[in-house]
Amino acid sequence: QVQLVESGGGLVQAGGSLRLACAASGRTSSTYTMGWFRQAPGKEREFVAAISWSGGSTVYADSAKGRFIISRDNAKSTVYLQMNSLRPEDTAVYYCAAKRGSAAVTIASMSRSLYDSWGQGTQVTVSS
């Protein structure tokens, strides 16, 4: 497993942007698919976006398409989530997650049960 630490959360007005980062440490020599999930109060944790090890494939939740961009820098063992045009309904704790493998991401990558390493989360609050 790898250890994951998120950063970059905060308070932003609707329409604003934030960039989250997730730094990995530990067994970073292995290949990992990386994902971002979020959990709002009283709701289940939901998928946001995922990216393959190579960065060549990505998949997004419908709520994130056209507004969020996931990327990674393997030299820095870091994955990013650029969030634009933020809405109050994007308010949540955002978690990054990792699962072993180098395959392209698919709709199946949206399942949180596939991920075996999780960060502690970073709070994103969007005010109206």
Side-chain angles (χ1 to χ4, degrees):
Q1 291 187 342
V2 292
Q3 290 74 51
L4 305 173
V5 179
E6 302 95 335
S7 61
L11 173 64
V12 64
Q13 289 187 332
S17 298
L18 281 175
R19 188 174 83 151
L20 307 183
C22 173
S25 61
R27 299 186 64 179
T28 57
S29 60
S30 299
T31 58
Y32 290 90
T33 290
M34 299 297 294
W36 284 98
F37 291 76
R38 67 186 184 185
Q39 188 167 17
K43 296 187 177 181
E44 292 193 356
R45 193 170 299 187
E46 65 177 9
F47 172 80
V48 177
I51 186 168
S52 63
W53 167 252
S54 70
S57 67
T58 57
V59 62
Y60 294 91
D62 287 344
S63 59
K65 287 178 182 176
R67 300 188 301 128
F68 295 1
I69 301 172
I70 188 170
S71 61
R72 68 190 297 163
D73 183 341
N74 288 340
K76 296 181 178 180
S77 299
T78 301
V79 63
Y80 304 95
L81 185 68
Q82 176 67 42
M83 304 187 295
N84 302 317
S85 302
L86 283 162
R87 305 164 180 165
E89 53 263 39
D90 294 318
T91 295
V93 178
Y94 283 71
Y95 299 88
C96 72
K99 69 181 185 76
R100 293 281 299 273
S102 59
V105 293
T106 66
I107 294 176
S109 304
M110 296 181 176
S111 174
R112 64 187 187 194
S113 64
L114 298 180
Y115 294 82
D116 44 31
S117 297
W118 292 84
Q120 84 291 346
T122 186
Q123 176 71 46
V124 171
T125 303
V126 184
S127 63
S128 57

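A distance of 4.0 Å separates CD in Gln1 from OG in Ser117, rounded to the nearest 0.5 Å. Rounded to the nearest 0.5 angstrom, Trp53 CH2 and Lys99 NZ are separated by 13.5 Å. In this structure, Thr122 OG1 and Leu18 CG are separated by 9.0 Å, a value rounded to the nearest 0.5 Å. Summarising the geometry, atom CG belonging to Leu20 is positioned 4.5 Å from atom CH2 belonging to Trp36; distances are rounded to the nearest 0.5 Å. Glu44 contributes atom CD, which lies 5.0 Å from atom CZ of Arg112 (distance to the nearest 0.5 angstrom).
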Side chains of residues 6-14: which donor-acceptor pairs under 3.5 Å do they make with residues two or more places apart or in other chains?
residue, atom, partner, partner atom, Å
Glu6, OE1, Gln120, N, 3.0
Glu6, OE1, Gln120, NE2, 3.4
Glu6, OE1, Gly121, N, 2.9
Glu6, OE2, Cys96, N, 2.9
Glu6, OE2, Gly121, N, 3.3

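Side chain of Ser52 to main chain of Ser57: a donor-acceptor pair is present (N/O by atom type, distance under 3.5 Å, no hydrogens or angles). Side-chain atoms of Ser109 come within 3.5 Å of backbone atoms of Thr106 as a donor-acceptor pair (strictly under, hydrogens ignored).
Annotation: side-chain hydrogen bond (donor to acceptor under 3.5 Å, both in side chains) contacts involving residues 69-80, sequence neighbours excluded, comprise Arg72-Asn74.
Contacts of Ser127 classified as side chain to side chain donor-acceptor pair (under 3.5 Å), with partners at least two apart in sequence or in another chain: none. Evaluation of the salt bridge (Lys or Arg N to Asp or Glu O under 4.0 Å) rule for Arg45 yields no partner, not counting sequence neighbours. Applying the salt bridge (Lys or Arg N to Asp or Glu O under 4.0 Å) criterion to Glu46, with sequence neighbours excluded, gives Arg38.
In plain terms, the two heavy atoms of Ala98 and Val2 that are nearest each other are CB-CG2, 3.9 Å. The heavy-atom pair separating Cys22 from Met34 by the smallest distance is SG-CE, 4.2 Å. Shortest non-hydrogen contact noted between Ser17 and Gln82 is CB-NE2, 3.9 Å. Taking every heavy atom of both residues into account, Thr91 and Val126 meet most closely at OG1-N, 2.9 Å. Taking every heavy atom of both residues into account, Tyr60 and Ile69 meet most closely at OH-CA, 3.4 Å.
Cluster partners of Trp118, using a side-chain heavy-atom cutoff of under 4.5 Å among ILVMFWY residues and allowing indirect links, are Phe37, Phe47, Val59, Val93, Tyr95, Val105, Ile107, Met110, Leu114, Tyr115.
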Could you walk me through whether Val124 and Met83 pass the side-chain contact (heavy atoms from CB on, under 4.5 Å) check? CA-CA 10 Å; Val124 171; Met83 304 187 295; 3.9 Å; yes
Set out, in order, the CA-CA distance, both residues' side-chain angles and the distance that settles side-chain contact (heavy atoms from CB on, under 4.5 Å) for Leu86 and Phe68, then state yes or no. CA-CA 9 Å; Leu86 283 162; Phe68 295 1; 3.9 Å; yes
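Two residues are said to be in side-chain contact when any heavy atoms from C-beta on lie closer than 4.5 Å; Tyr32 and Ile51 fail this criterion.
A salt bridge links Asp62 with Lys65: the closest approach of a Lys/Arg side-chain nitrogen to an acidic carboxylate oxygen falls below 4.0 angstrom.
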